[in-house]
Amino acid sequence: MSSPTLQLHSLPLQRLPLPNGFRPQDFLTFHGRDKLAVSESVTGNTLQKAIVWRDRPALLTLAFDLNLVKYHLALDDPLLHIGAEETLQLVQHILGLTQAIAGFEQAFATHPLLSAMIAEQAGLRVPVSVSPFEALTWAIIGQQVSLSAAIAMRRKFIQQANIRHSSGFYCYPSPAQVSQMSVESLRLAGLSQSKANTLLKVSELMLSGHLPLDDWLHHQASPELIANSLAAIKGIGPWTISYALLRGYGWLDGSLHGDAAVRRAIRGLMALEQLNDKEAEQWLKPFSPWRALLAAHLWAWQSRSPG
């Protein structure tokens, strides 16, 4: 794919200072996991990601430079206004700049098992999806499969939706666009029948106003309200809810004890042969209100641990 070019209608290049210790590589690694780069691409210190912005294809670019990030949003629609403040809030959100990580690092700075890991990974934040819908649908796609399989299904899902920015990138589809897809097209992306039905149900509920994921974000709805609403949907369980709250809302206290990688990391820390879901849940409890942030640390720690 050729390098995208900046479209005619875009905000001027903006600069946002980053907090001390910000780790851009965490963010770039998260968005660069699909090496085929059909929807987002990481080149050096720059991310380009195609999104749907107010029902129109758009290209978001973030370039990290020392202690700041340069960003802009390019739309194909020359009549659609881009709000500078709205774009700034989007960038702050997906970078996790409002996450209260200092309290976690201070609370467990002397923890016998975690202190070394936290010190080595100081400043770690959780990359957040562009929208809660993207986070939730990604969590549904990733249920009970390996990361590599989930990435491949996500790619095919995006391609099946076939919403393209003029740069050539495929955009992650909106609820309205997913609702137009068929179970058959979702199955072609590798999704099971149940996952396809859940994706369509979530899209339908969003369009009808019964699942206002975006409103909950803007009005800072309680995680309990969101979790209870999601739990009522067939095909959505505790892991999916906690992961969607983490990636969609930046909520740092979901218990990801059902995550296989989290359990492996805990076993490694504790030198245990086995650890079931219930035992992992109990182990994570004392780390509230930062259980999901701890899970992110465990993911990062495990990814760089030998073997």
Side-chain angles (χ1 to χ4, degrees), residues 27-34 37-42 47-62 71 73 75 86-87 89-96 99 125-143 145 147 150-165 169-181 186 189 191 195-196 198-207 211-218 221 226 229-230 233 235-236 239-251 254 292 296:
F27 180 82
L28 294 169
T29 298
F30 175 73
H31 287 284
R33 292 182 298 179
D34 187 351
V38 301
S39 180
E40 56 254 305
S41 174
V42 173
L47 166 71
Q48 291 183 302
K49 178 178 174 63
I51 65 175
V52 172
W53 182 268
R54 297 185 183 175
D55 297 324
R56 297 292 188 273
L59 185 69
L60 178 66
T61 300
L62 295 94
Y71 65 91
L73 186 64
L75 275 68
E86 192 176 3
T87 308
Q89 291 175 359
L90 170 63
V91 173
Q92 291 173 325
H93 176 67
I94 65 176
L95 293 179
Q99 294 171 13
R125 297 169 186 271
V126 179
V128 179
S129 298
V130 165
S131 69
F133 178 74
E134 179 176 349
L136 177 58
T137 50
W138 163 237
I140 293 167
I141 290 169
Q143 291 170 349
V145 296
L147 178 60
I151 290 170
M153 281 193 286
R154 175 184 181 271
R155 178 199 317 130
K156 294 173 184 177
F157 161 66
I158 293 170
Q159 290 174 312
Q160 284 290 330
N162 198 29
I163 311 299
R164 302 190 77 169
H165 183 261
F169 282 119
Y170 289 85
C171 302
Y172 200 96
S174 68
Q177 291 153 349
V178 174
S179 71
Q180 298 302 310
M181 300 175 72
L186 292 171
L191 276 69
K195 287 184 180 182
T198 303
L199 284 181
L200 293 174
K201 184 62 175 178
V202 165
S203 301
E204 172 192 319
L205 290 171
M206 281 200 68
L207 292 176
L211 190 69
L213 297 179
D214 293 333
D215 287 346
W216 287 336
L217 174 63
H218 299 318
I226 301 170
S229 299
L230 293 177
I233 302 172
I236 295 181
W239 178 88
T240 302
I241 292 169
S242 289
Y243 193 85
L245 283 167
L246 176 64
R247 295 293 189 194
Y249 296 88
W251 189 54

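As the structure is a computational prediction, the values presented were derived from the model and not from experiment. Start at 1 with the first residue, then count along the sequence.
- Contact of the I51 side chain with the L73 side chain is registered, since non-hydrogen atoms from C-beta on lie closer than 4.5 Å.
- A donor atom on one side chain and an acceptor atom on the other are found under 3.5 Å apart for T137 and Y172.
- Using a distance-only test at 3.5 Å, with no hydrogens or angles considered, a donor-acceptor pair links the side chain of R247 to the main chain of P127.
- Interatomic distance, CG of L90 versus OH of Y71, reported as 9.5 Å (0.5 Å rounding).
- Within the 4.5 Å cutoff, side-chain heavy atoms of L191 are placed close to those of M153.
- Under the side-chain contact (heavy atoms from CB on, under 4.5 Å) test applied with K49, the options T61, V130, L59 reduce to a single match, V130.
- Between G248 and L217, the shortest heavy-atom contact is O-CD1, 4.2 Å.
- Within the 4.5 Å cutoff, the side chain of V126 has no heavy atoms near those of the F30 side chain.
- S39 places a side-chain N or O within donor-acceptor distance of the main-chain N or O of Y170, the cut-off being under 3.5 Å.
- Closest heavy-atom contact between A139 and A244: CB-N, 4.4 Å.
- Using a distance-only test at 3.5 Å, with no hydrogens or angles considered, no donor-acceptor pair links the side chain of Q143 to the main chain of K195.
- Listed here is the closest heavy atom pair of D214 and P132: OD1-CD, 3.5 Å.
- Q48 is not listed as a side-chain neighbour of H165, based on a closest heavy-atom distance of 4.5 Å or more.
- By the 4.5 Å heavy-atom criterion applied to side chains, T198 and T240 are not counted as neighbours.
- Listed by chain and residue number, V52, I163, P173, S174 satisfy the side chain to side chain contact (heavy atoms under 4.5 Å, CB included) test with Q177 (two or more places apart in sequence, or in another chain).
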Go through the steps for E134 and R154 under the test salt bridge (charged side-chain N to carboxylate O under 4.0 Å, His left out), then give the verdict. CA-CA 10 Å; E134 179 176 349; R154 175 184 181 271; 3.3 Å; yes
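- I226 and A221 get closest at one heavy-atom pair: CD1-O, 4.1 Å.
- In this structure L28 satisfies the side chain to side chain contact (heavy atoms under 4.5 Å, CB included) test together with Q25, V42, N45, L47, F64, sequence neighbours excluded.
- Two residues are said to be in side-chain contact when any heavy atoms from C-beta on lie closer than 4.5 Å; L230 and V202 fail this criterion.
- Y243 contributes no side-chain N or O that, together with a main-chain N or O of G254, makes up a donor-acceptor pair within less than 3.5 Å.
- Residues R33 and L147 form a side-chain contact, since some pair of their non-hydrogen atoms from C-beta on lies under 4.5 Å apart.
- No donor-acceptor distance shorter than 3.5 angstrom exists from the side chain of R56 to the backbone of W53, with no hydrogens or angles considered.
- Listed here is the closest heavy atom pair of C171 and I158: O-CG2, 3.5 Å.
- Nearest heavy atoms, I141 versus A150: CG2-O, 3.8 Å.
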